[in-house]
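One structure is given here, and the rest of the page talks about it.
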Amino acid sequence: MIKRFLHYLSPAVWASTLAVYGSGRLWREVWLQAARSRWAEVAAAIAFLWLLGLLGLSFVLLQVQQQQILPLPAGAGQLARGVQISLAIAPVETNANLLGRWGLGLLGLGAWLCLVAGSQKLMQLVAAAYGAGHTQPGNWRTRLLPWGVTLLGLVLAGLVLSLTGAATGPQPGPMTPLWRLGRWAIALASVALGLAAVYRLAPRRWVPGLPLWPGVRLGLLLGIVGLGLRYWGLTWLASQALAYGLLLSLGLNLGALYGLILLVPVGAQVNLSTLRHRGAVSRPWGMPSPPAPPSFESFKINRRN
């Protein structure tokens with residue numbers, strides 16, 4: 001275990017990792033696949049479906065939490081309030097009962113179906129990047145996969161918001177920064193494992209030796225950068241007190257959602273391109289190329305007359 005940990009800390013491994021993301025041929029394949037599969041259009045449709053689903057689901061969760069119809073976990077309330085704050089929605093009155101239990105149930109079912117439809121389109125993008133496409137007939141696995149991915153995404157969203165939000169922790173002291181760092185580490189590890197599970201389950205036929213972590217690392221890194229820019233933009237808009245600041249905040253949140261959706265097929269294509277060009281990009285800088293295999297003539301036995 002210690003040798004493996006030290007192996008991943010070696011400069012040669014870091015150089016080979018940077019060589020993977022710095023390959024022009026890899027990014028050319030990503031661009032061609034994005035144009036071929038129309039990632040921009042499909043990602044816009046996914047963002048629209050997920051937005052409808054999150055709006056309906058957050059309304060249902062807030063109503064259920066306020067009316068105390070069912071006990072909800074803390075992550076579900078955090079998710080609903082996070083959607084409400086991100087989209088600048090006015091808080092719902094406590095005594096407001098716009099819909100009964102049947103109405104809330106139907107609205108929640110419709111929101112869930114919107115989320116599943118968006119997840120199905122996302123799985124089709126990832127499968128197309130892996131070369132599966134729609135050539136094979138659908139089975140029970142492919143039909144149930146969007147439902148499982150939707151449930152996984154909601155659980156991860158609630159877990160991340162509960163870990164990174166204003167969660168209860170120890171009293172302020174010298175261990176508070178370490179406690180916050182640990183929660184952020186658990187949140188990032190959970191997102192990475194969830195994204196790896198999507199990449200592993202999306203292709204209908206798994207190719208032996210197909211990597212997972214180049215795409216996961218890239219998606220996680222670019223996602224953190226994008227969310228950091230979103231937080232900086234929202235903070236700047238709040239400090240400006242603009243008359244149309246809410247509209248700009250909504251556009252910024254929608255742009256962040258659109259960018260995060262695009263990162264998923266990009267990571268899948270990076271994994272596939274890494275498998276194709278593994279011999280060219282996995283060798284660290286400065287290391288000589290491996291020797292050529294021996295020819296057939298070297299095994300020839302010279303017989304004496």
Side-chain angles (χ1 to χ4, degrees), residues 16-47 49-50 115-136 138-139 141-153 156-157 188-227 256-282:
S16 62
T17 303
L18 292 177
V20 169
Y21 303 128
S23 174
R25 186 182 303 176
L26 181 144
W27 293 110
R28 194 179 305 112
E29 290 183 358
V30 171
W31 177 262
L32 292 177
Q33 182 63 30
R36 186 182 304 113
S37 300
R38 299 183 303 171
W39 288 359
E41 300 176 11
V42 180
I46 295 172
L49 290 172
W50 279 2
L115 293 174
V116 171
S119 301
Q120 184 177 8
K121 289 182 176 296
L122 185 63
M123 291 298 99
Q124 290 174 356
L125 276 186
V126 177
Y130 280 126
H134 306 279
T135 57
Q136 300 179 1
N139 50 18
R141 176 184 174 277
T142 57
R143 293 172 183 173
L144 293 178
L145 183 60
W147 297 74
V149 169
T150 303
L151 182 60
L152 176 64
L156 285 178
L188 293 178
S190 302
V191 173
L193 291 177
L195 190 57
V198 169
Y199 290 154
R200 180 62 178 82
L201 297 175
R204 293 167 184 167
R205 182 179 179 275
W206 181 253
V207 179
L210 184 62
L212 290 175
W213 301 112
V216 172
R217 287 195 297 260
L218 180 67
L220 199 62
L221 179 61
L222 295 182
I224 293 174
V225 173
L227 291 178
L257 177 62
Y258 182 77
L260 292 177
I261 292 172
L262 279 178
L263 287 179
V264 179
V266 167
Q269 185 62 39
V270 167
N271 289 334
L272 187 61
S273 300
T274 303
L275 177 63
R276 292 175 181 172
H277 311 297
R278 175 172 291 174
V281 298
S282 61

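Values below: every heavy atom of this structure, side chains too, minus hydrogens, waters and symmetry copies. We number each residue from 1, following the sequence as shown. The shown structure was predicted, so the numbers you read here are calculated from the model rather than taken from an experiment.
Heavy atoms only, all atoms of each residue included: Ala43 and Ile261 are closest at CB-CG2, 3.9 Å. Minimum heavy-atom separation, Val30 to Val270: CG2-CG2, 4.2 Å. Taking both residues in full, the closest heavy atoms of Glu29 and Ser273 are given as OE1-OG, 2.6 Å, listed atom of the first, atom of the second, then distance. Closest of all the heavy-atom pairs between Ala45 and Lys121 is CB-CD, 4.3 Å. Nearest approach of Asn271 to Tyr130, heavy atoms of both residues: ND2-OH, 3.4 Å. Residues Leu49 and Gly118 share a closest heavy-atom pair of CD1-N, 3.7 Å.
Remark: Trp50 CH2 to Leu260 CG distance equals 9.0 Å, nearest 0.5 Å. Atoms CG and CH2, from Leu32 and Trp27 in turn, are 13.5 Å apart once rounded to the nearest 0.5 Å. Put simply, CG on Leu221 and CG on Leu218 are 7.0 Å apart, with the number rounded to the nearest 0.5 Å.
For Gln33, the side-chain hydrogen bond (donor to acceptor under 3.5 Å, both in side chains) criterion is met by Arg36, Ser37, not counting sequence neighbours. Partners of Arg28 by salt bridge (charged side-chain N to carboxylate O under 4.0 Å, His left out), not counting sequence neighbours: none found.
At a threshold of 4.5 Å between non-hydrogen side-chain atoms, the residues Leu125 and Ile46 count as touching. Residues Trp147 and Ser119 have side chains not in contact (no heavy-atom distance under 4.5 Å, counting atoms from C-beta outward).
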Tabulate below the donor-acceptor pairs under 3.5 Å that side-chain atoms of residues 188-202 make, not counting sequence neighbours, or state none.
unit_1, atom_1, unit_2, atom_2, d
Ser190, OG, Ile186, O, 2.7
Tyr199, OH, Val264, O, 2.8

